[in-house]
Amino acid sequence: MAKRDPRVDACIARAAPFARPILKHIRKIVHAGCPEVRESIKWQFPHFEHHGVMCGMAAFKHHCTFGFWKASLLFDKPIRERDAMGHFGRITSLADLPDDEKLIALVRKAAALNEAGINVRRPKSARKPIPVPDYFKSALQKNAKARNTFVTLRPSHQREYLEWVTEAKREETRASRIAKSLRWLAEGKTRNWKYQPKKR
């Protein structure tokens, strides 16, 4: 039996006005395709589960996203857009989504994959860790709160800060980014905190 999560209602309610009908529609489609689906909040975004995670949606300032956990087994070819996470690019209106029949079919297929226990082999990342530059280490040593946050971040979140700082071409830009990084880290924030939904 389907289980609705009131936290998903809250996420939809606090989304931008343009996003609410999109999120409501995606939610309706997922429930239509998998009547036994259960809702949850993972990584601060609404997700839908049936024998494991099936798909998830999110709303940002100017667009929404919708993606499937086992997309590589659902689509004949990759359709992910480069300008947004998910598998349908930047969704700014219902017109940006495939028709209901296609979406429901994808949800049913995703549910069937989970029911069958079929998993996607996820290749290990070949990305080499970025060494922490001495100037960034020095800055962290002067700010205990920032340092404590940085060392407890996931490697991917550490990398986001390090790439942002080390890719600065001018000394002034690098200094500005270090200052912002320390301020955000001291507040317990990730590099991309602006794009994460606000907790209420």
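Along the sequence shown, the residues carry numbers beginning at 1. Hydrogens, waters and symmetry mates play no part in the numbers below; they use all other heavy atoms, side chains included. A quick note: this is a predicted structure, and the numbers were derived from the prediction, not measured.
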Q) Does L23 reach the side chain of P46, with side-chain heavy atoms less than 4.5 Å apart? A) no
Q) Can you check whether N148's main-chain N or O pairs, donor with acceptor, with T152's side chain at less than 3.5 Å? A) yes
Q) Are more than 12 heavy atoms from other residues, nucleotides or ligands located less than 6.0 Å from atom CD of E101? A) no
Q) Given the rule in the side chain to side chain contact (heavy atoms under 4.5 Å, CB included) test, do T92 and C64 qualify, once you have shown the distances and angles that lead to the verdict? A) CA-CA 6 Å; T92 59; C64 297; over 6 Å; no
Q.
How close do V165 and S181 get, counting heavy atoms only, and between which atoms?
A. CG2-OG, 3.8 Å
Q: List the steps, then state whether side chain to side chain contact (heavy atoms under 4.5 Å, CB included) holds for W184 with T149.
A: CA-CA 9 Å; W184 293 340; T149 298; over 6 Å; no
Q: Check whether any side-chain heavy atom of E49 sits under 4.5 Å from a side-chain heavy atom of V37, and report yes or no.
A: no
Q: Locate the shortest heavy-atom distance separating A15 from A19; write the atom from each residue and the value.
A: CB-CB, 4.0 Å
(Q) To check you understand the geometry: which heavy-atom pair defines the closest contact between A146 and L182, and what is its length? (A) CB-O, 3.6 Å
Q. Does the side chain of L185 come within less than 4.5 Å of K145's, by heavy atoms?
A. no
Q. Cationic tip of R38 within the cone over F48's six-membered ring, i.e. under 6.0 Å and within 45° of the normal?
A. no
**Q.** Interatomic distance, S40 atom OG to K3 atom NZ [nearest 0.5 angstrom]
**A.** 9.5 Å
Q. What distance do Y135 atom OH and L140 atom CG have between them, rounded to the nearest 0.5 Å?
A. 11.5 Å
Q | Exam field: side chain T166 to backbone L162, donor-acceptor pair closer than 3.5 Å | A | yes
Q: Run the numbers on V30 and L103 for side chain to side chain contact (heavy atoms under 4.5 Å, CB included), then give the verdict.
A: CA-CA 8 Å; V30 174; L103 280 177; over 6 Å; no
**Q.** Shortest non-hydrogen contact from A139 toward I178
**A.** CB-CG2, 3.8 Å
Q) Would you call E167 and R177 a salt bridge, taking side-chain N to carboxylate O under 4.0 Å as the test? A) no
Q: Compare all side-chain heavy atoms of H31 with those of E39 and state whether any distance is below 4.5 angstrom.
A: yes
(Q) Quick one about N192 and H157 (side-chain donor to acceptor, distance below 3.5 Å, no hydrogens or angles considered), yes or no? (A) no
Q) What heavy-atom pair brings I12 and R20 nearest, and what distance separates the two atoms? A) O-CG, 3.2 Å
Q) Any side-chain heavy atom of R90 within less than 4.5 Å of one from D96? A) no
Q. Atom CD1 of I29 and atom CE of M57: how far apart are they, to the nearest 0.5 Å?
A. 12.0 Å
(Q) Could you measure the distance from the NZ atom of K61 to the CZ atom of F18? Nearest 0.5 Å is fine. (A) 11.0 Å
Q | Spacing of M54 atom CE and R108 atom CZ [to the nearest 0.5 Å] | A | 11.5 Å
Q: Decide yes or no for K70 and N114: does some side-chain heavy atom of the first lie under 4.5 Å from some side-chain heavy atom of the second?
A: yes
Q. Does the side chain to side chain contact (heavy atoms under 4.5 Å, CB included) test come out yes or no for E172 and S176, once each step is laid out?
A. CA-CA 6 Å; E172 296 84 356; S176 173; over 6 Å; no
(Q) Does this structure show an ion pair linking D5 with R27, if we count only N-O contacts that are shorter than 4.0 Å? (A) no
Q. Quick one: are H63 and I91 in side-chain contact, heavy atoms under 4.5 Å?
A. no
Q: Indicate, with yes or no, if I118 and V107 share a hydrophobic cluster defined by side-chain heavy-atom contacts under 4.5 Å among Ile, Leu, Val, Met, Phe, Trp and Tyr.
A: yes
(Q) Check the orientation of F88 and F68. Use parallel for under 30°, tilted for 30 to 60°, and perpendicular for over 60°. (A) perpendicular
Q) Between OG1 of T190 and CD of Q158, what distance do you get to the nearest 0.5 Å? A) 12.0 Å
Q: Please state whether the rings of H47 and W69 are parallel, tilted or perpendicular, taking 30° and 60° as the class boundaries.
A: perpendicular
Q.
Restricting to non-hydrogen atoms, name the atom on I41 and the atom on C11 that form the minimum distance, rounded to 0.1 Å.
A. CD1-SG, 3.9 Å
(Q) Do F150 and N143 make a side-chain contact, defined as non-hydrogen atoms from C-beta onward lying under 4.5 Å apart? (A) no
